[in-house]
Amino acid sequence: MFSNKENVNILTSLLLEHGIRHAVVCPGSRNSAIVHNLNECQEIECFGITDERSAGFYALGMAQALQRPVVVCVTSGTALLNLAPAVAEAYYQHVPIVVVSADRPAQWIDQLDGQTLPQPDAFGRFVKKAVTLPEPHNDEERWYCNRLVNEAMLETRHHGKGPVHINVPISEPLFEYTIEKLPEERSICLLNPRSNKLLISAECAGQFYTSKKPMVIIGQMSAEDILPEDLYSISLCAVVLNESLSVGKGGEHFDEVLHAVGDNPDYQPDFVIYLGDTMVSKRIKKWMRGLKNAKIWAVAEDGLIRDTSMNLYGMIEGHPADVLDDLVEAAGTKTVKSAQAFKSLWEKALEKTGSHIEAYEPEYSQMAAVKYLEGALMYAEDEYIHYGNSTAVRLANIYARHYVYCNRGVNGIEGSLSTAAGFSCVVDENVYCVIGDLSFFYDQNALWNQNLRGNLRILLLNNGKGGIFNMLKGLEKSPARDRLVAAEHKTSAEGICRQNDVVYLRAGNTEEMQEGIDRLINTDSNRPVLLEVFTDAETDGQVLRNLMSESVS
């Protein structure tokens, strides 16, 4: 029987999955659940050592001899600090020891409770990775606990070997052993195909080769990272979904397709390669988290675990274009035939969605302004287009057919205009910035300098508030929504433009908006040009809802 502490059971199961077969354990009550579990595992041999300082070096010696990770487990308090000399030695010798420390619940730190001190990050830079596990109460916290253990265990041998620290808060009661078997936990694997192509053939390409419904999903990427031609060979073998922040050809309308098809299993892949960074679409992230039966791989040059799907099977360390080349080469051509039905299903849905969006004529709104701008710029070759966060970038994903620059690293609104302005200072081509009102007024000092020229063109979408808050279901019930959450205002950019010598244009209806965008694009000026389009927030929200409500499946 095993402990009834869920974080301890998740940890134990994953220690086994990652090959732990030896553990040095020290006495204590707070770590008794961990020691009990390790002792219950027939695959793990436990060695009891009373002196924690000595125990750390015992684990070091075992790991040196075995050339594999060894656990050393201690109770809470100063017991952990006694491992510091051995951990430091392991760090500089590149020896993979796994420190597992029991801890008191966080709320009792510094509250005069016995054997209690701040244990997270106790070893500082002398460990390659330090994690503190939650005490799970729901599926998301269980996923988080699983992910943290996987991250720590993978780091024992990632970019060189070394020690890691797994801290385990455990609440009382401590001594209940009622669980018959350990949970089946997902072990994430890490591959580096650049150093060994056989790995991708054996692990990843085999799954790709046999899949009937393969898919490639591409998040934000640098404009120089991956080009459409790199995707050609993989697009013959799999459905490829990307946003306008991903590759040069612009985005696919998968968000609208997913809105229409919901959880229809016919559209769900059995194999996924995820490239790049964040996705704007919340819908696809939620959808990916429901793909329980798909083998999901991610690709990143640093090899760090980013489990956006909450179902990650493995991480491939390498440049996305290189990994795609290896994958197609290893899988051969069989997948082209086997995936045709799935590809055809998605191609028809995407084509129908694209036709629907092209035919949809929004009434005067922010959407109408972005549609007209993107239509006017469709054939422009020497232009750069930046979008602000929130509503602006979501409109870009609907209409942009080119690569979009956007600060989606952490999705803040505070520097979108400054980023575009800085960009414009070092290129000769026109730089467009499509930005919402809160983001613009927050960052208005981007215009307060002597560096700007006439190649900066700004489309300011002003509906008098953070319009995206009108789209958040349930928030309308709060009387604080408009004034305090969405920051309702009656501000105009005209005075800001005047004081900063920026050409100012304004529009309040369809005719003025279209004329203004034409002037924004074609005006010959040695100073920045700004068009402020005034719209109604309620209409903006309704226009978007109308687009999404019409089924395109």
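Atom set for the values below is all heavy atoms of this structure, side chains included, hydrogens, waters and symmetry mates excluded.
Looking at every heavy atom in both residues, Ser418 comes nearest to Ala446 through OG-CB, 3.2 Å. Scanning all heavy atoms of the two residues, the minimum distance from Thr278 to Arg408 falls at CG2-O, 3.0 Å. Across every non-hydrogen atom of Ile458 and Leu447, the tightest pair is CD1-CD2, 3.9 Å.
A salt bridge links Arg453 with Asp428: the closest approach of a Lys/Arg side-chain nitrogen to an acidic carboxylate oxygen falls below 4.0 angstrom. Between Glu361 and Lys371 there is a salt bridge, since a side-chain N of the basic residue sits under 4.0 Å from a carboxylate O of the acidic one. Using a cut-off of 4.0 Å between Lys/Arg side-chain N and Asp/Glu carboxylate O, Arg186 and Asp307 are scored as salt-bridged.
With hydrogens and angles ignored, the 3.5 Å screen pairs a side-chain donor or acceptor of Asp536 with a backbone N or O of Glu538. The backbone N or O of Arg289 lies less than 3.5 Å from no partner atom in the side chain of Ser309, so there is not a single donor-acceptor pair.
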As a quick check of understanding, evaluate side-chain contact (heavy atoms from CB on, under 4.5 Å) for Leu241 and Leu350, giving each step before the final call. CA-CA 10 Å; Leu241 304 181; Leu350 290 168; 4.1 Å; yes
Please walk me through it: do Lys295 and Phe208 pass side-chain contact (heavy atoms from CB on, under 4.5 Å)? CA-CA 9 Å; Lys295 292 290 193 294; Phe208 181 42; over 6 Å; no
For Leu461 and Thr535, run side-chain contact (heavy atoms from CB on, under 4.5 Å): C-alpha distance rounded to whole Å, both residues' side-chain angles, the deciding distance at 0.1 Å, then the answer. CA-CA 8 Å; Leu461 306 174; Thr535 62; over 6 Å; no
Check against side-chain hydrogen bond (donor to acceptor under 3.5 Å, both in side chains), Glu155 and His158: CA-CA 5 Å; Glu155 202 61 27; His158 180 223; 3.3 Å; yes
side-chain contact (heavy atoms from CB on, under 4.5 Å), that's the test. Do Tyr387 and Arg394 meet it? Break it down for me. CA-CA 9 Å; Tyr387 273 81; Arg394 285 165 172 81; over 6 Å; no
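Between Tyr313 and Trp297, the ring-plane angle classifies as tilted under the 30° and 60° cut-offs. A perpendicular orientation is assigned to the rings of Tyr403 and Tyr405, their planes being inclined by more than 60° (bins at 30° and 60°).
Counting only heavy atoms from C-beta outward, the side chains of His489 and Phe441 approach each other to under 4.5 Å. Considering only heavy atoms from C-beta on, Leu324 comes within 4.5 Å of Leu275 through its side chain.
Looking at His402 and Glu383, their side chains never bring a donor and an acceptor atom within 3.5 Å of each other. No side-chain donor-acceptor contact under 3.5 Å links Asp518 and Gln514. One side chain, Glu532 or Ser492, offers a donor N or O that lies under 3.5 Å from an acceptor on the other.
Crowding of Asp302 atom CG: a count of heavy atoms from other residues, nucleotides or ligands under 6.0 Å exceeding 12. Tyr144 OH: 12 or fewer foreign heavy atoms inside a 6.0 Å radius. Heavy atoms from other residues, nucleotides or ligands lying under 6.0 Å from OH of Tyr504 number more than 12.
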